Amino acid sequence: MSSEDFPTDRPAVVTCGLPYANGDLHIGHLRGYISADAFNRALKTLGQQSAYVCGSDMHGTPVAVNAEAEGVDPETFALRWHDQYQETFPQFNVEFDNYGHTHDDTNTALTQDIVRTLDEEGYVYEDAVLVAYDPTADDYLPDRYVEGTCPYCGAHARGDECDEGCQRHLEPGEIENPTSVRTGNPAEYRERTHKFFRVSEFADFLTDFLDGLEGTSNARNQPRQWIEEGLQDWCLTRDMDWGIDYPGSEDEDIVLYVWVDAPIEYIASTKQYTERVGAEAYDWAEVWQHDAGGEIVHIIGRDIIQHHTIFWPAMLEAADYNTPRGVAATGFITIDGKGLSTSRNRAIWAKEYLEEGFHPDLLRYYLTTTGGLQQDVDFTWTAFQEKVNGELVGTIGNFWYRSLLFAYRNYEGTPDVAVSSDVEERIEGAIGAVRAGVNDYSLRDVGLAATRLAQFGNEYIQQHEPWKLTDEDPEQAAQVIRDCVQIAKAVGVLLEPIAPDKAQALWEQIGETGSVADAHLEDALEAPPRTFDEPGEIFEKIEDDRVEELEETLEEKIAAASEDDEDEGASESEAETETDDTADDEAPRMDDDTELEPLATDRISFDDFQDLDIRVGEIVVAEGIDGADDLARLEVDIGLETRQVVAGIKRLHDLESLPGTRCILLANMEPAELFGVESNGMVLAAGEAADLLTTHGDAGLGEKVR
RNA sequence: UGCGGGAUAGGAUAAUGCAGUCCACGGGGCUCAUAUCCCCGAGGUCCAGGUUCGACUCCUGGUCCCGCAACCA
């Protein structure tokens, strides 16, 4: 089943996944917001009426827990992030027509309205579920804050998903031997009444829905597998007080699951947009109402495909709303070939990028044209430099500048002749490529259509050598430059969705007024104004030494983050792969297949060393941490006091034999929490095998190592 | 022994019937242009089978890589 190509005569809405109001934005997030923004802009250049809406995702356990940790109420906490996001988006030329949040009145009312409809239509039933409860902390433990044993495959699993074993989605109460992630306490199950949505009844509907769904293939294929395995009904409520109340249950300590109200923000935000600009300008009902048939396009990360292709369309159908036309799931971003990790600081933060002084359009171009939407894209500063210097500076910028400068010097603007038909056809071809790119949900094709047209421009000017023709054949020279100016303008129009600022700069240089964002693709063929001023350079080259610095800074910051927890929390995950099936491997092993890390070349000062407070200690208690494969909780006597630390040594050491052992402890390590257990120091150990360091003589407990 | 994604030239990235594009590399050219641009060249489908007139593409088996604990799209 295929939909009518864009543009259609119905309004469209484009959304990106809602930013979760719980932390700073990095380029992984930005990829989504930028892609959706570019897609929305591209739709508009095709002549499609379209709005780009989004909002902050305010609810859920992590927000509640982190707010509590900071001693503020969840709303204040989440709003702080919300404000920060709103400031950040424009700095990347991400322009929402409306940006709300899930806790605002519009979304609250709409969510309750939709849930009420689901209930009234008979799609909701009540059922008693066993909810994990931490008796020590007097705390009900929702989904993510429980871990235990998967009832299906027996693997260790998270409360909402068997992440290490069979990958199944787990409903509350399913997991066996639950423990609290927050305190490590064993949890008990208590019976609570919760609301369930009959998703299982929608299997046929969803199969048809997926058959007609546009976007990326992963967004169609993954949920199909889910449907084949059999859909489970979906628990709509959680034992919490932060969130939107289940309609009619306002008095109870139960709220809607965050994934119920989050996607509804797409509708609520569209509605707010209409309320602001008026229904004549943009009518949300024409998009979202069941029979209106507006074009709904969700651009999301690939980790939330299930929510957008199973629960969400089922909910929309049940509540009698229109369902999405397209779901495009972006791949992830890797940094220097490795997975992005916020905890290890392997990330490029939005703020950092801006502080380096790079123009947002450079990143927009890089992220949208380096790989297909669905592909994982690797970010390196070197690749970024190549892309910018090669394509934006060398191809596009250079073509713009050489054409316009030549035109300005010789004709004070656009030569007064008609564009040649060859060039017109070539531009039409590029317009066609953009149109096809949008309909394929390929921003890469959109961006590259502009670059290829500029490349054609370079070839064209090179072949015709107008600098020779000005004397020999002035008419022909004027023709060539006229063509080049037209190509330059066309490149600007085509590039606008990807690089709006830069396209606008070009637009103004050729003497156009107004905004290039309002231009349609066909305007690429309209003649530019007769005269314009002397052009300037629009893109700036990134120098090699700059890139070296950036790469170094990045490495240092990752190294700094991993040193923090190297021998405690993080390193055992690496040790894991190496020692998995090699139990006979505990003996020192320095044979050929073990690679030693090269020695650090950066020297540190004596003062730096003095900053490390390293003490002699004795392990007094050593016990495993439930649920962790390799983490042990140790109590270490360092003379002055006894410290609790967490160390990744369970797999390689016989914990029972450890008490009484001397060890070396980095005492002024900043505290960390691992598997809910506070670690207040770091036991030093050598290598992947976590060979514990000890003393050779009889140093007293608490003596400083120097 | 799980789940998902992937393997195309030195690197990256396309292709459902001629393996294309960008960077880097070798050679040449231009001077309007930001040492930018243009032309030419060399160089590639992970392995083993199978289907086919034809396989990067489909099938079978294998190898290798990546992501999948902790609030990381």
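To find a chain, count down the sequence lines: A is the first, B the second, and so on, and within it residues start at 1. Remember, predicted model here, so these are calculated numbers, not experimental data.
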Its dot-bracket string being built from Watson-Crick and G-U pairs below 3.5 Å, with | for another strand and [ ] for crossing, RNA chain B has the pattern .((((((..((((...[..)))).(((((.......)))))....(((((..]....))))))))))).....

Consider the side chain of [X], meaning its heavy atoms from C-beta on, and name the nucleotide among [options] that approaches it most closely.
{"X": "A:Val393", "options": "B:C37, B:U34, B:C38", "value": "B:U34"}
{"X": "A:Glu391", "options": "B:C22, B:U34, B:A33", "value": "B:C22"}
{"X": "A:Asn398", "options": "B:C37, B:C72, B:C23", "value": "B:C37"}
{"X": "A:Thr342", "options": "B:A73, B:C72, B:C23", "value": "B:C72"}
{"X": "A:Gln455", "options": "B:A73, B:C38, B:U34", "value": "B:C38"}
{"X": "A:Arg452", "options": "B:A73, B:U36, B:U21", "value": "B:U21"}

Residues pairing under side chain to side chain donor-acceptor pair (under 3.5 Å) where one sits in residues 403-415 of chain A, two or more places apart or in two chains, turn out to be none

Can you check the distance between [N] and [M], where both ends of the measurement are the [atom1] atom (answer in whole Å)?
{"N": "B:G49", "M": "B:C37", "atom1": "P", "answer": "45 Å"}
{"N": "B:C72", "M": "B:C38", "atom1": "P", "answer": "44 Å"}
{"N": "B:A9", "M": "B:U1", "atom1": "P", "answer": "28 Å"}
{"N": "B:U16", "M": "B:A48", "atom1": "C1'", "answer": "24 Å"}

- Query: Does A:Arg409 place a side-chain N or O at less than 4.0 Å from the phosphate oxygens OP1/OP2 of B:A33?
  - Reply: yes

**Study point:** Side-chain N or O of A:Tyr401 closer than 4.0 Å to phosphate OP1/OP2 of B:U34
**Key:** yes

Between protein and nucleotides 4-6 of chain B, what N or O pairs are separated by less than 3.5 Å?
{"from": "B:G4", "atom 1": "OP1", "to": "A:Gln225", "atom 2": "OE1", "distance (Å)": "2.9"}
{"from": "B:G4", "atom 1": "OP1", "to": "A:Gln225", "atom 2": "NE2", "distance (Å)": "2.5"}

Are A:Glu70 and A:Arg80 close enough for a salt bridge, meaning some N to O gap below 4.0 Å? yes

Contact check, residues 14-21 of chain A vs RNA chain B, heavy-atom distance under 4.0 Å, returns none

In numerical order, the residues of residues 457-468 of chain A whose heavy atoms come under 4.0 Å of RNA chain B are A:Asn458, A:Glu459, A:Ile461, A:Gln462, A:Glu465, A:Trp467, A:Lys468

side-chain hydrogen bond (donor to acceptor under 3.5 Å, both in side chains) filter on A:Arg302, not counting sequence neighbours, yields A:Asp376

